[in-house]
2 protein chains.
Amino acid sequence: MRYSKSHKEDTRRKLLDSSRALVKKGGFDSTGVEALMSAIGLTPGAFYSHFPSKQALLEEVIREEMQYSLSMLKPQPADGGSTLNQRTKAYLSVPHAEHPEAGCVLPALGSELARIPVEVKSIIEDGLKDMHSVWNDELKDENAAWAVIAQCVGAVILARSVKSDATRREILRANRAQVDALLRSRARSD
Amino acid sequence: MRYSKSHKEDTRRKLLDSSRALVKKGGFDSTGVEALMSAIGLTPGAFYSHFPSKQALLEEVIREEMQYSLSMLKPQPADGGSTLNQRTKAYLSVPHAEHPEAGCVLPALGSELARIPVEVKSIIEDGLKDMHSVWNDELKDENAAWAVIAQCVGAVILARSVKSDATRREILRANRAQVDALLRSRARSD
DNA sequence: GTCTATATCTAGATAGAC
DNA sequence: GTCTATCTAGATATAGAC
């Protein structure tokens, strides 16, 4: 065969990794197949050897992204046991606001998610429930767990929607302070 | 003249009102000029008698939407003096989640706002600061004011991103409960 | 001001050569 | 598996008739 048997999965892997970043940066609808393929040095025609449609790629991107976001939320053995509070500070940071391509898919696609097909919404829902579970383990409060997830996603979206760096920093700082206060109050009452 | 002098502004008004709803429902990029014009019974060619470009329409849509959202947030003489808590309950409601075309522009466009030109981001920023001011008047807490705005926007986006009605209701209910608790605790300490 | 017609561009997707 | 070429459909925007 002209291509080794691992070549296809290598290319697919590269396409997925590259596409995840591009889609988070530019949005799904406005990022074309040509852009996705040329980013890995291929031409658009080759796309359809890996996915039957652009829509199918989106489904896989969302699946991997939700898994990635969840893994970032959970305590990592590798990072020396960072606290949930530390990880939230990173989420509500200027670098995260300025680099959607490396961040969480929820604020990056945000409102586009309201218009995706139901199969993809199932993936989102499952991932969100897992995230809620992680927060609830820490907070022991189902309502507060949903609220803090919503707050974090909303804060990053707002931070990315304003013009001035000063307001962006202010929005993020205020939200960090609120989450910090919430976590401290829960720790005291434990 | 073949058209009365008020005809142009009438058409422009109809186009803007109609476009505001369509853009919130379908997104800005994915709603074409043809769709915007046929919604008011005209053909695409006539669009450019009112706006030099689709981009110019977006700017006006955002301007009016931010003003509208702000007016909904402020106490209305007409509604018998509803409380901020009552208005927030309406924001975090299933009807709002299910009808983006009639709701707030922030969760409706959400992540698309991260990619709009800076002129439009200025409008968003000014509107957000006004909203923050309204919340701060009530809460007397700058951080909490930013947090609750982020939470409300994020909650509606999440509610629209999940598949099941049950989870959608749960996300909204939990967030309503949290905002309610925040407002009550502030009222006590006044 | 609005219409019809069209120019121009770009999108997603397919066909056949290599 | 990838490339080149192309089909079809849709977009924004323009030109000229009414």
Exercise. Kindly determine whether Asp10(A) and Arg13(A) satisfy salt bridge (charged side-chain N to carboxylate O under 4.0 Å, His left out), including the steps that lead there.
Key: CA-CA 5 Å; Asp10(A) 281 357; Arg13(A) 186 71 264 143; over 6 Å; no
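Arg173(B) and Asn143(A) form a side-chain donor-acceptor contact under 3.5 Å, judged by distance and modelled atom types alone.
Rounded to a whole Å, the CG atom of Leu15(A) is 13 Å from the C1' atom of dT2(D). For the pair Glu9(A) CD and dG1(D) C1', the computed distance is 14 Å after rounding to whole Å. In this entry the distance linking CZ of Arg13(A) with P of dG1(D) reads 17 Å, nearest Å. Atom P of nucleotide dG1(D) and atom CZ of Phe51(A) are separated by 13 Å, given to the nearest angstrom. As rounded to whole Å, 15 Å separates atom P of dA11(C) from atom CE of Met37(A). At whole-Å resolution of the value, CD1 in Ile40(A) and C1' in dC3(D) are 14 Å apart.
For the pair Thr11(B) and dT2(C), the criterion of a side-chain N or O lying under 4.0 Å from OP1 or OP2 is met.
Residues satisfying the side chain to side chain contact (heavy atoms under 4.5 Å, CB included) test with Ala39(A), not counting sequence neighbours, are Ser18(A), Leu22(A). Under the side chain to side chain contact (heavy atoms under 4.5 Å, CB included) criterion, Thr83(B) pairs with Asn85(B), Gln86(B), sequence neighbours left out.
Side-chain N or O atoms of Ser69(B) include none that pairs as donor or acceptor with a backbone N or O of Met66(B) at under 3.5 Å. Of the possible donor and acceptor atoms, none in the side chain of Lys24(B) sits under 3.5 Å from a partner among the backbone N and O of Glu65(B).
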Donor-acceptor list for residues 128-135 of chain B side chains, cut-off 3.5 Å, not counting sequence neighbours:
unit_1    : atom_1 : unit_2    : atom_2 : d
Lys129(B) : NZ     : Glu125(B) : OE2    : 3.4
His132(B) : NE2    : Glu142(B) : O      : 3.0
His132(B) : NE2    : Trp146(B) : NE1    : 3.3

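Closest to the side chain of Ser49(A), from the set dG1(C), dT2(D), dT4(C), is dT2(D).
For the salt bridge (charged side-chain N to carboxylate O under 4.0 Å, His left out) condition, the pairs that include at least one residue of residues 91-103 of chain B, sequence neighbours left out, are Lys25(B)-Glu101(B).
Rounded to 10 degrees, the angle separating the terminal axes of the helix from dG1(C)-dC18(D) to dC18(C)-dG1(D) is 0°, with each axis obtained from five end pairs.
No more than 12 heavy-atom neighbours from other residues, nucleotides or ligands sit within 6.0 angstrom of NZ on Lys163(B).
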Protein-nucleotides 12-17 of chain D N/O pairs closer than 3.5 Å?
unit_1  : atom_1 : unit_2   : atom_2 : d
dT12(D) : OP1    : Lys54(B) : NZ     : 2.8
dT12(D) : OP2    : Val33(B) : N      : 2.7
dA13(D) : OP2    : Tyr48(B) : OH     : 3.1
dA13(D) : OP2    : Lys54(B) : N      : 3.0

